[in-house]
Amino acid sequence: MASESVLVLLLFMPFWNLLNITNSFLSNLRNSQRKEPSPSFIDLIAKKHILLLHAGGDSKRVPWANPMGKVFLPLPYLAADDQDGPVPLLFDHILAIASCARQAFQNEGGMLTMTGDVLPCFDASTMVMPNDASCIVTVPITLDIASNHGVIVAAKSGISNDTYSINLVENLLQKPCLDELVRHQAILDDGRTLLDTGIIAVRGQAWLNLVKLACSSQSMISELLEKKKEMSLYEDLVAAWVPAKHEWLRSRPLGDELVNSLGEQEMFSYCACDLLFLHFGTSSEVLDHMSETGAGLVGRRHLCSIPATNVSDIAASAIILSSKIEPGVSIGEDSLIYDSFISGGIQIGSQSIVVGVNVPATSDTTERVPFRFMLPDRHCFWEVPLVERTERVIVYCGIHDNPKIPLSNGTFCGKPWRKVLDDLGIQDTDLWISENTLEKCLWNAKIFPILPYFEMLTLASWLMGLDNQINETLRSSWKRSQRISLEELHKSINFPHMCLGSSNHQADLASGIVNACLNFGLLGRNLSQLCQEILQKESTGIEVCKGFLSHCPNLQAQNSAILPKSRAYQVHADLLRACGNEEMALETEQKVWASIADETASAVRYGFKENLAGSSSWFASNPDNTSGCCGESIHHRTVKIELPVRVDFVGGWSDTPPWSLERAGCVLNVAITLEDSLPIGTVIEIEKGTGIFISDDVGNQLSIEDLSSIALPFEISDPFRLVKSALLVTSVIHEKILQSVALRIRTWANVPRGSGLGTSSILAAAVVKGLLRITDGDESNENVTRLVLVLEQLMGTGGGWQDQIGGLYAGIKFTASFPGIPLRLQVIPLLASPQLIKELQQRLLVVFTGQVRLAHQVLHKVVTRYLQRDNLLVSSIKRLTELAKIAREALMSCDIDALGDIMLEAWRLHQELDPFCSNEFVDKLFAFCDHYCCGYKLVGAGGGGFALLLAKSAESAEELRHSLVNTSGFDVKIYGWKIFLEN
């Protein structure tokens, strides 16, 4: 979405650091010489949007995520849509949800606070936030879940509908028991209560007060930090906005100051009824959200290398992310393997988690039996590099172990501590050596030995109870070793080494995938993105990419029957760019676009390339050609062609080569008149004389005597390259007819420039149809559509088939294309009832935004991404084709509201395809229209031009029309339109 820059502040630390970090951050922004911030500075910050993401703690209950932080744990939801990109993280999903929330601030500054271990699945753009207040997002939840989280007590009265409710916050309860919930009247009528999701939105005066507090209260902040162990600042800040908590808050350190600074504004509860609250607080919750809650969304294989099924045993439900698995490995059901290298002989049980593990092949060639290691079901297993050491310590525990639970009730590897000690023959003093240990638990148990790798693996089996535990040799080895606890480990992680190792590991995986793709595949992977991963390996990354260049000369030759040249050239260009050779990459890209033109021509008709070469023998040797002239007889001295414009509901981009040459396309569009006229047309006349005379509706004129001068390539600035291309694709200039007569062509398009209504392609269709009619050629809509498709490639605009079909065929139609030679198009007119036509014409506003857009610039980017096999783009266009089919059924059922929902989703997908297809003006326009509309989108490629506004009713359409005319700031024109129903 185009808008002013967003200031993002990320804090991965306990919440009590909020004010301190915010103060330091803001202090660096303002003049360091100024002791107090100026009003203008505060006003500047108050207009910014800040995302505050706090981690909450040290991940004790998800110990394997402790080194990376829970917010960075892998979460491969929708990962299949981008199989060649980095593994999606929880952070990526949180950021995606948070980015939508900016719309809810309605162009005002503010702060959105979220937690790093919760994924709140909801449409944050639809939040309704009261002005000048803070707002905490809640969701109804069962009492058992609420007892482990915060609960909001909201006032009984408020604003509500089927999807949300807004009420004043009366109280905040932390992990309440049932008696507390009853006493504070926190239980809803349906037996649930309101969960504190950790999402707080602050705007208006409440945000301004918080900015002032952070900018000017350094002494108070310092005192708060000194007392941080005595208080929960999160709870105190929320309490400052809840009048019922003020008395309680004033009894706490600096409570008076917080109430005085923030207590003027009230806090509201925004209950999002459809919010899905996914908490990643324990290891079992992480697996549950991948195997149960989001099972259908999870990409179970991502950026990984796995062996064939006949040399390994890997469960289909296992999730393998950024990992290399060698033959001879077994992995059980619902297990997670991330950022690891697993050598042969390793068995991993079901519902287990393996992270950052690098199990090398044994180097002892004297061993007759290969080293074997088994990780039991429901266990976690990870490695961590330590500061000032070369070793990586191996760490493990049961998936349900809670490191915070004391010795008396705690477990290790799923067994009670007492049984573990008895079975191993060790004492608690072996684990908790210091007499000053206040509470003995797994978190501070010195149990993990630091030894050579395979010795650590052997002792891991012993400690987990898999080997003979009455083994004095192993016990002695463990006791003699230096050991470390989770608590000590937390303070000793070598983060640079860990990050570098992970980056190099992913680069090696990407290199293997690219190598296989070039040697054995059909270039179906996104090599550009994979090369970016390879280049992260600074020492050798670029040399690896240079090595891949040697494959390029043979790519097309090896797979010429099925691999398009355009794709082979794009791979070459991507590799050149990865190697830093931008000049040669640009030269190769010219071959990409030339290949697309050739491939399009080939798919439309045979022999086209020879025809373009101007060979006079081509027509003579193809007397049955039906796309050009059939002889010298002329039945029409003057031809006039007038056509409507088209507006597309959904499916655009799937009609564009090379997509439409390789994959099925579907588009739903409609032909319309504007202001009761057909706005696009041409008049073509044959008269005495010689040569060709061309003119347009803006005063441009051109006289051509030498027909051989009409040759490719045409200058982009040439105002008549469309007509010249039409003369080429119809073969008119190669006929003897023009040796004795002159041709006069006049064109017009009574549509604003950059309209998005398919003007260029429809005008091309009009000219092509007129030329074929006047020369007695095949002027059928199908033939004209094909020729215009080629014409667009010649011009360099690269358009698809939907525009000309939209103008050539009357009414509403659903068009499908089927790749092949020739390209097959199936146009299915919708038998629209008079009721449907009437309601559409009453509810749909066709509005020119005044914003000029250039489709070919957008198209170039989108086509390049497709040729690179950008997985997100491919999945988006696939979804657009699915929506076209759904929209067809909706219209046939006269369900115009459903069409509105489809338009909204299509608009979101278009913004994914090209983030610049919208702009600030369009965003404001759609935000203004949202109250009146059930759907809206820009037509065509977006970026400006015309917008479709589908109102909720005919009455809403009239209200919107009136509001747009009478509201300053929207210099738009609402056009009168009708569905064109005549052929």
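Every value quoted in this text rests on a predicted model; they were computed, and no experiment measured them. Residue indices begin at 1 and follow the sequence shown.
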Heavy-atom side-chain proximity of Thr682 to Lys640 below 4.5 angstrom: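 A side-chain contact under 4.5 Å is absent here.
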Heavy-atom side-chain proximity of Asn669 to Phe649 below 4.5 angstrom: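 Of all side-chain heavy-atom pairs linking Phe649 with Asn669, none is under 4.5 Å.
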CA sep, side-chain torsions, deciding dist, call: Phe946, Tyr975, ring pair (Phe, Tyr, Trp, His ring centres under 6.0 Å): CA-CA 10 Å; Phe946 276 74; Tyr975 276 72; 5.1 Å; yes
For [X] against [Y], the heavy-atom pair lying closest together:
| X | Y | value |
| --- | --- | --- |
| Ile745 | Leu771 | CD1-CD2, 4.2 Å |
| Ala568 | Leu563 | CB-CD2, 4.2 Å |
| Ala510 | Glu533 | CB-CB, 3.7 Å |
| Ala941 | Cys917 | O-CB, 3.6 Å |
| Pro657 | Ser660 | N-OG, 3.4 Å |
| Leu836 | Cys894 | CB-SG, 4.0 Å |

NZ/NE/NH1/NH2 to OD/OE distance under 4.0 Å, Arg746 and Asp697: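 Result for this pair is no, no salt bridge flagged.
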Could you check whether any side-chain N or O of [X] sits under 3.5 Å from a backbone N or O of [Y], counting only pairs where one atom can act as donor and the other as acceptor?
| X | Y | value |
| --- | --- | --- |
| His910 | Glu905 | no |
| Gln529 | Arg525 | no |
| Ser654 | Gly651 | yes |
| Trp907 | Gly935 | no |
| Gln804 | Thr785 | yes |
| Arg888 | Phe814 | no |
| Asn526 | Asp84 | no |
| Lys769 | Glu779 | yes |
| Lys937 | Val650 | no |
| Asp803 | Ile762 | no |

Ring centers of Tyr866, Trp653 separated by less than 6.0 Å: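 No.
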Stepwise salt bridge (Lys or Arg N to Asp or Glu O under 4.0 Å) check, Glu587 with Arg577: CA-CA 11 Å; Glu587 291 179 7; Arg577 188 162 280 117; over 6 Å; no
Can you tell me how far [atom2] of [Y] sits from [atom1] of [X], rounded to the nearest 0.5 angstrom?
| X | Y | atom1 | atom2 | answer |
| --- | --- | --- | --- | --- |
| Leu757 | Leu674 | CG | CG | 6.5 Å |
| Leu789 | Ile805 | CG | CD1 | 9.0 Å |
| Glu792 | Leu722 | CD | CG | 7.5 Å |
| Thr588 | Leu576 | OG1 | CG | 5.0 Å |
| Ser817 | Leu823 | OG | CG | 5.5 Å |
| Ile979 | Ile812 | CD1 | CD1 | 4.0 Å |

Mutual orientation of the aromatic rings belonging to His551 and Phe548 [parallel < 30°, tilted 30-60°, perpendicular > 60°]: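 If you compare the ring of His551 with that of Phe548, the planes turn out tilted.
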Step-by-step salt bridge (Lys or Arg N to Asp or Glu O under 4.0 Å) determination, Arg786 to Glu782: CA-CA 6 Å; Arg786 293 172 180 273; Glu782 181 179 1; 3.3 Å; yes
Please determine, by modelled atom types, if [X] and [Y] share a side-chain donor-acceptor pair under 3.5 angstrom.
| X | Y | result |
| --- | --- | --- |
| Glu912 | Ser876 | yes |
| Arg646 | Tyr809 | no |
| Thr747 | Asp696 | no |
| Asn519 | Asn515 | yes |
| Gln802 | Thr815 | no |
| Glu599 | Ser566 | yes |
| Gln868 | Asp574 | yes |

Derivation and outcome, salt bridge (Lys or Arg N to Asp or Glu O under 4.0 Å), residues Arg879 and Glu882: CA-CA 5 Å; Arg879 178 57 181 168; Glu882 294 171 3; 3.2 Å; yes
Leu794 and Ser725: CA distance, side-chain angles, deciding distance, side-chain contact (heavy atoms from CB on, under 4.5 Å) verdict: CA-CA 7 Å; Leu794 298 185; Ser725 298; 4.2 Å; yes
Criterion salt bridge (Lys or Arg N to Asp or Glu O under 4.0 Å) on Asp598 and Lys591, from CA distance to verdict: CA-CA 10 Å; Asp598 286 346; Lys591 298 179 182 179; over 6 Å; no
Set of side chain to side chain contact (heavy atoms under 4.5 Å, CB included) partners for Ser893, sequence neighbours left out: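 With neighbours one apart ignored, the set is empty.
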Of all pairs that satisfy ring-ring contact (aromatic ring centres under 6.0 Å, His included), the ones with a partner from residues 582-603, not counting sequence neighbours: Trp593-His860
Test log, rule side chain to side chain donor-acceptor pair (under 3.5 Å), inputs Ser755 and Thr759: CA-CA 7 Å; Ser755 66; Thr759 307; 3.1 Å; yes
Cation-pi check, Arg567 onto Tyr569 ring (under 6.0 Å, within 45° of axis):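 Checked: cation-pi criterion not met.
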